[in-house]
Amino acid sequence: HCLGKYSNAISTYANALSMVHRSSNKLHLGMASTLNYIGVLYYHMPKAETNKAMELYLELLAIRRAILGDEHCNIATTLNNIGRVHYMNGNYDNALVTYAEGLCI
């Protein structure tokens with residue numbers, strides 16, 4: 001039951017992502033925000049799909065860095081999300097490095 005709600009939400013955001021992609025170039029903050037929302041959903045699913053979440057967070061990080069630069073608070077938030085995925089996957093050293101990078105912003 002709960003998984004269906006996540007699937008519906010992911011489908012809705014995927015449609016929004018497609019619309020943003022058609023209406024603008026790939027380096028768009030609306031696209032970045034939508035990638036973040038989908039990544040958060042994958043992370044919080046009852047059976048977390050951390051590989052998908054990580055893939056989206058890394059794409060999001062690249063877009064945000066290209067638009068906002070390296071010192072924006074949204075970069076720190078994205079790094080925190082990446083650190084959380086590393087932690088959930090048991091990659092504690094990578095999590096610490098990523099958390100530390102975010103804290104330096």
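Keep in mind that what you see is a predicted model, and the values were worked out from it rather than measured. The analysis underlying the following values was restricted to heavy atoms, covering all of them including side chains, and did not include hydrogens, waters or symmetry mates.
For the side chain to side chain contact (heavy atoms under 4.5 Å, CB included) test, residues two or more places apart in sequence or in another chain that qualify with Tyr92 are Tyr87. The side-chain hydrogen bond (donor to acceptor under 3.5 Å, both in side chains) search around Asn51 returns none, not counting sequence neighbours. With sequence neighbours excluded, no residue forms a side-chain hydrogen bond (donor to acceptor under 3.5 Å, both in side chains) with Thr77. Every residue meeting the side chain to side chain contact (heavy atoms under 4.5 Å, CB included) condition with Ala48, not counting sequence neighbours, appears here in chain and number order: Thr50, Met88. When the salt bridge (charged side-chain N to carboxylate O under 4.0 Å, His left out) test is applied to Glu55, no partner is found at least two apart in sequence or on another chain. By the side chain to side chain contact (heavy atoms under 4.5 Å, CB included) test, Leu29 is found to be paired with Ile67, Leu68, residues two or more places apart in sequence or in another chain being considered. Every side chain to side chain contact (heavy atoms under 4.5 Å, CB included) that Ala53 has, sequence neighbours left out, goes to Tyr42, Tyr43, Tyr57, Val85. Among residues two or more places apart in sequence or in another chain, the side-chain hydrogen bond (donor to acceptor under 3.5 Å, both in side chains) test is passed with Asn74 by none.
Screening residues 8-19 for salt bridge (charged side-chain N to carboxylate O under 4.0 Å, His left out), with sequence neighbours left out, gives no hits. Sorted by first then second residue, the side chain to side chain donor-acceptor pair (under 3.5 Å) pairs that include residues 62-73, not counting sequence neighbours, are Arg64-Thr78, Arg65-Asp70, Arg65-Glu101. The stretch residues 27-40 participates, sequence neighbours left out, in no salt bridge (charged side-chain N to carboxylate O under 4.0 Å, His left out) pair at all.
The distance from the OG atom of Ser33 to the CD1 atom of Ile38 is 11.0 Å, given to the nearest 0.5 Å. For the atom pair Met45 CE and Lys52 NZ, the distance stands at 7.5 Å (nearest 0.5 Å). With values rounded to the nearest 0.5 angstrom, Leu103 atom CG is found 10.5 Å from Leu96 atom CG. A distance of 12.5 Å separates SG of Cys73 from CG of Asn80, quoted to the nearest 0.5 Å. Separating the CG atom in Leu56 from the CD1 atom in Ile10 is a distance of 9.0 Å, to the nearest 0.5 Å. Rounding to the nearest 0.5 Å gives a distance of 14.0 Å between SG of Cys104 and CD1 of Ile75.
In the hydrophobic clustering (ILVMFWY side chains linked at under 4.5 Å, chained through shared members), Val97 stands by itself.
Using modelled atom types, one side-chain atom of Thr34 and one backbone atom of Gly30 make a donor-acceptor pair closer than 3.5 Å. Although no hydrogens or angles enter the test, the distance criterion places no donor-acceptor pair under 3.5 Å between the side chain of Tyr37 and the main chain of Ala32.
Closest approach of Val20 and Met31 over heavy atoms only: CG1-N, 3.6 Å. Of all heavy-atom pairs between Gly102 and Ala76, the closest is O-CB, 3.5 Å.
Taken together through direct or relayed side-chain contacts under 4.5 Å among Ile, Leu, Val, Met, Phe, Trp and Tyr, Tyr13 and Leu17 form part of one hydrophobic cluster.
Side-chain atoms of Leu61 and Asn81, non-hydrogen and from C-beta on, never get closer than 4.5 Å to each other.
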task = Could you walk me through whether Asp93 and His86 pass side chain to side chain contact (heavy atoms under 4.5 Å, CB included), step by step?
result = CA-CA 8 Å; Asp93 290 340; His86 281 309; over 6 Å; no
